[in-house]
Visitor: 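Here it is: the structure, laid out below.
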Amino acid sequence: MAETAKWYVIHTYSGYENAVAAAVMKAAENRKMQDLILEINIPMETVVERGEGGDKTVERKVFPGYVLVKMVLTDESWHLVRNVRGVTGFVGSAGKAVPLTEQEILDLGVERREIVVGFDVGDHVRVMDGPLEGFIGVVDELEPEKDRIRVVVSMFGRETPVDLELDQVEAVSE
């Protein structure tokens with residue numbers, strides 16, 4: 001393949017998201033185009049609705065009327081998706097499909113990157129960047145999915161928690 005697969009947004013009739021997702025995957029399977037249309041995602045969120053009968057947990061579409069599709073955009077794949085019943089078009093400008101950026105994909109939680117961290121809570125780390133560069137502290141909290149770490153450093157005789165990004169620290173061998 002000359003081009004790699006990217007995430008695109010398809011606009012659908014509201015309420016047809018699941019039907020469109022199933023129809024696109026079925027059409028890709030029937031036309032042997034699974035190498036061009038790889039994955040479909042309908043972003044969902046879990047919310048608690050409060051009502052007379054008590055609290056109820058429900059799944060709700062984050063973007064009603066939109067479906068995300070990971071595909072290699074060619075004339076054939078564009079026509080396949082565009083001609084599925086319930087699809088009104090791709091999100092983009094002047095009729096051209098515009099792929100989502102890496103940051104948009106991460107913000108939507110569509111794809112997960114596996115992050116390998118060489119330290120854990122309680123380990124000693126050295127701050128490699130920023131105003132506290134050179135300080136050594138103890139990992140207090142670790143949130144790799146948010147690229148965030150909280151380190152407690154000793155400054156002026158006091159323990160001070162500092163929020164940093166994962167690439168700002170390195171493990172210290174004891």
Side-chain angles (χ1 to χ4, degrees), residues 1 3-12 14 17-18 20-21 24-25 34-51 54-73 81 90-93 96-174:
M1 277 297 135
E3 190 180 345
T4 59
K6 295 185 173 120
W7 284 98
Y8 295 90
V9 181
I10 304 170
H11 189 262
T12 68
S14 189
E17 300 88 357
N18 295 332
V20 165
V24 168
M25 289 311 285
Q34 296 99 325
D35 58 330
L36 296 178
I37 298 177
L38 306 173
E39 192 177 339
I40 294 219
N41 187 308
I42 303 169
M44 304 289 275
E45 64 182 348
T46 304
V47 292
V48 177
E49 290 183 347
R50 300 190 189 280
D55 292 352
K56 181 168 67 167
T57 304
V58 294
E59 288 278 312
R60 185 180 297 159
K61 292 176 182 77
V62 177
F63 304 110
Y66 294 94
V67 175
L68 305 177
V69 61
K70 185 174 188 176
M71 62 187 274
V72 178
L73 189 64
V81 172
F90 282 92
V91 172
S93 60
K96 295 185 93 177
V98 176
L100 294 172
T101 64
E102 285 291 321
Q103 190 59 50
E104 289 169 333
I105 293 166
L106 291 173
D107 290 346
L108 290 171
V110 176
E111 285 187 349
R112 300 272 185 228
R113 281 191 288 186
E114 186 164 327
I115 300 164
V116 179
V117 181
F119 37 83
D120 206 349
V121 174
D123 290 352
H124 287 79
V125 293
R126 175 179 285 114
V127 179
M128 300 302 296
D129 187 29
L132 299 176
E133 184 175 341
F135 277 80
I136 294 178
V138 178
V139 177
D140 186 41
E141 284 181 36
L142 191 57
E143 294 181 76
E145 63 280 349
K146 293 183 181 174
D147 191 34
R148 187 176 123 357
I149 183 171
R150 176 169 287 156
V151 178
V152 177
V153 295
S154 180
M155 286 193 306
F156 312 116
R158 299 183 80 180
E159 299 288 308
T160 306
V162 181
D163 287 331
L164 301 167
E165 292 182 4
L166 289 173
D167 61 355
Q168 290 182 286
V169 297
E170 72 175 3
V172 174
S173 54
E174 311 235 355

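In this chain, numbering begins with 1 at the start of the sequence shown.
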Visitor: Looking only at heavy atoms, which two atoms of E165 and I149 are closest? And how far apart?
Guide: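 In terms of heavy atoms, the two residues are closest at O-CG2, 4.0 Å.
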Visitor: Considering only heavy atoms from C-beta outward, does the side chain of E170 approach that of D129 to under 4.5 Å?
Guide: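 Not touching, per the 4.5 Å side-chain cut-off.
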Visitor: Picking from N18, V62, T12, V20, what satisfies side-chain contact (heavy atoms from CB on, under 4.5 Å) with I42?
Guide: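 The single option meeting the side-chain contact (heavy atoms from CB on, under 4.5 Å) with I42 is N18.
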Visitor: Check residues 150-159 and write down every donor-acceptor pair under 3.5 Å in which the side-chain atom is one partner and the other belongs to a residue at least two apart or another chain.
Guide:
residue, atom, partner, partner atom, Å
R150, NE, D163, OD1, 2.9
R150, NH1, E141, OE2, 3.0
R150, NH2, D163, OD1, 3.2
R150, NH2, D163, OD2, 3.2

Visitor: Please name all residues satisfying ring pair (Phe, Tyr, Trp, His ring centres under 6.0 Å) with Y66, sequence neighbours left out, ordered by chain then number.
Guide: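 Ring pair (Phe, Tyr, Trp, His ring centres under 6.0 Å) list for Y66, sorted by chain: H11.
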Visitor: Identify the heavy atoms of A171 and V125 that sit nearest to each other, and give their distance.
Guide: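 Here A171 and V125 meet closest at CA-CG1, 4.2 Å.
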Visitor: Using side-chain heavy atoms (C-beta onward) and a distance below 4.5 Å, is D123 in contact with V138?
Guide: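 Answer no - side chains too far apart.
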Visitor: Holding to side-chain hydrogen bond (donor to acceptor under 3.5 Å, both in side chains), I want the full list of residues that pass it with T101, two or more places apart in sequence or in another chain.
Guide: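 Testing T101 for side-chain hydrogen bond (donor to acceptor under 3.5 Å, both in side chains), a comparison that skips the adjacent residues, returns E104.
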Visitor: Quick check: do E39 and W7 have side-chain heavy atoms less than 4.5 Å from each other?
Guide: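 Yes; the side chains approach each other to less than 4.5 Å.
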Visitor: I want to check something: taking the side chain as every heavy atom from C-beta on, are M71 and K6 in contact at a cut-off of under 4.5 Å?
Guide: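 Heavy-atom side-chain distance check fails, nothing below 4.5 Å.
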Visitor: If you apply the rule side-chain contact (heavy atoms from CB on, under 4.5 Å), what do you find for I37 with V24, and how did you get there?
Guide: CA-CA 8 Å; I37 298 177; V24 168; 4.0 Å; yes
Visitor: With a 4.5 Å limit on heavy-atom distance, are the side chains of V162 and L132 in contact?
Guide: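 Touching, per the 4.5 Å side-chain cut-off.
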Visitor: Looking only at heavy atoms, what is the nearest atom pair of T46 and E59, with distance?
Guide: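 Shortest heavy-atom contact: OG1-OE2, 2.5 Å.
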Visitor: Give the minimum heavy-atom separation between F63 and P43, together with the two atoms involved.
Guide: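 That closest heavy-atom pairing would be CD1-CG, 4.1 Å.
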Visitor: Do V47 and V58 come close enough that some side-chain heavy atom pair is under 4.5 Å?
Guide: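 A side-chain contact under 4.5 Å exists here.
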Visitor: Can L73 and Y8 be said to form a side-chain contact (heavy atoms from CB on, under 4.5 Å), step by step?
Guide: CA-CA 9 Å; L73 189 64; Y8 295 90; 3.5 Å; yes
Visitor: Under a 4.5 Å cut-off applied to non-hydrogen side-chain atoms, are F119 and L142 in contact?
Guide: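 Yes, close enough: below the 4.5 Å cut-off.
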Visitor: Take M44 and K61 through the side-chain contact (heavy atoms from CB on, under 4.5 Å) test and state the conclusion after the steps.
Guide: CA-CA 4 Å; M44 304 289 275; K61 292 176 182 77; 3.6 Å; yes
Visitor: Is the shortest heavy-atom distance from the side chain of V127 to the side chain of L164 under 4.5 Å?
Guide: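 Heavy-atom side-chain distance check passes, below 4.5 Å.
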Visitor: Going from OG1 on T4 to NZ on K70, what distance comes out if it is rounded to the nearest 0.5 angstrom?
Guide: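 Spacing of OG1 (T4) from NZ (K70) equals 8.5 Å.
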Visitor: What do the steps show when you test V169 against V139 for side-chain contact (heavy atoms from CB on, under 4.5 Å), and what is the final call?
Guide: CA-CA 10 Å; V169 297; V139 177; over 6 Å; no
Visitor: Can you tell me how far apart CD1 (I40) and CD1 (I10) are? Round to the nearest 0.5 Å.
Guide: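 So the gap between those two atoms works out to 5.0 Å.
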Visitor: Drop me the distance from D35's CG to L38's CG, to the nearest 0.5 angstrom.
Guide: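 Spacing of CG (D35) from CG (L38) equals 7.5 Å.
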Visitor: In terms of heavy-atom contacts, does CZ of R60 have more than 12 from other residues, nucleotides or ligands at under 6.0 Å?
Guide: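 No, not enclosed.
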